[in-house]
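Inspection log for the structure reproduced underneath, given as structure tokens.
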Amino acid sequence: MHPTQATTDAGPHDEEGSGECERVRQVLRRAGFDTSTPAQDGLRVWADAEGVMVGWAAREVLRPTVQVHGHEEDLGRLTSLAGLHQALRTALAVILAEAGLDAAPHGEHLVVVRPPGRARAGGAAGTPG
């Protein structure tokens, strides 16, 4: 199991009902990003005690590399995608900031929080934010 896969699979759980998760999904959709469920590969959004988490699981992208180079001892070097993960996190952080959300690196993911005192546009009454 690849380290990225292990950390990505350990955290997400489906939070379809979370208003803050839905807000992040809407922002990402408007920017052209589709999100997946926690059971799928792709860009994931889930609730965590620290805020809304955004992460990317790339198992299907990596499958051909693992199939070709799986016998090599230095497989992690070929499958880490550190630069790609960093570029994606940076792009997502900019998109979320432009939508009025704060996003900060949290391990291999982003944690998204609404800045204190920022009004919640279209939010449900009684929902913290």
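Just so you know, residue 1 is the first one in the sequence shown, and it goes up from there. Because only heavy atoms are used, hydrogens play no part in the values below, and waters and symmetry mates are left out as well, while side chains stay in.
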- Set of side-chain hydrogen bond (donor to acceptor under 3.5 Å, both in side chains) partners for Glu50, sequence neighbours left out: His106

Interatomic spacing from [atom1] in [X] to [atom2] in [Y] - rounded to 0.5 Å:
{"X": "Arg29", "Y": "Asp34", "atom1": "CZ", "atom2": "CG", "answer": "8.5 Å"}
{"X": "Leu28", "Y": "Arg23", "atom1": "CG", "atom2": "CZ", "answer": "10.5 Å"}
{"X": "Arg30", "Y": "Ile95", "atom1": "CZ", "atom2": "CD1", "answer": "11.0 Å"}

- Phe33 side chain near Leu92 side chain, heavy-atom distance below 4.5 Å: yes

- Query: Taking the side chain as C-beta and beyond, is there a heavy-atom pair between Val54 and Val112 under 4.5 Å?
  - Reply: yes

- Is the shortest distance from a Lys or Arg side-chain nitrogen in Arg25 or Glu22 to a carboxylate oxygen in the other one below 4.0 Å? yes

- State, to 0.1 Å, how close Arg89 and Glu108 come at their nearest heavy-atom pair, and which atoms those are. NH1-O, 3.3 Å

Name the atoms and distances for all side-chain donor-acceptor pairs under 3.5 Å in residues 98-105, with sequence neighbours left out.
none

- Would you confirm whether Ser36, through its side chain, and Leu43, through its main-chain N or O, come within 3.5 Å as a donor-acceptor pair? yes

- Task: Classify the angle between the aromatic ring planes of His109 and Trp46 as parallel (below 30°), tilted (30 to 60°) or perpendicular (above 60°).
- Result: perpendicular

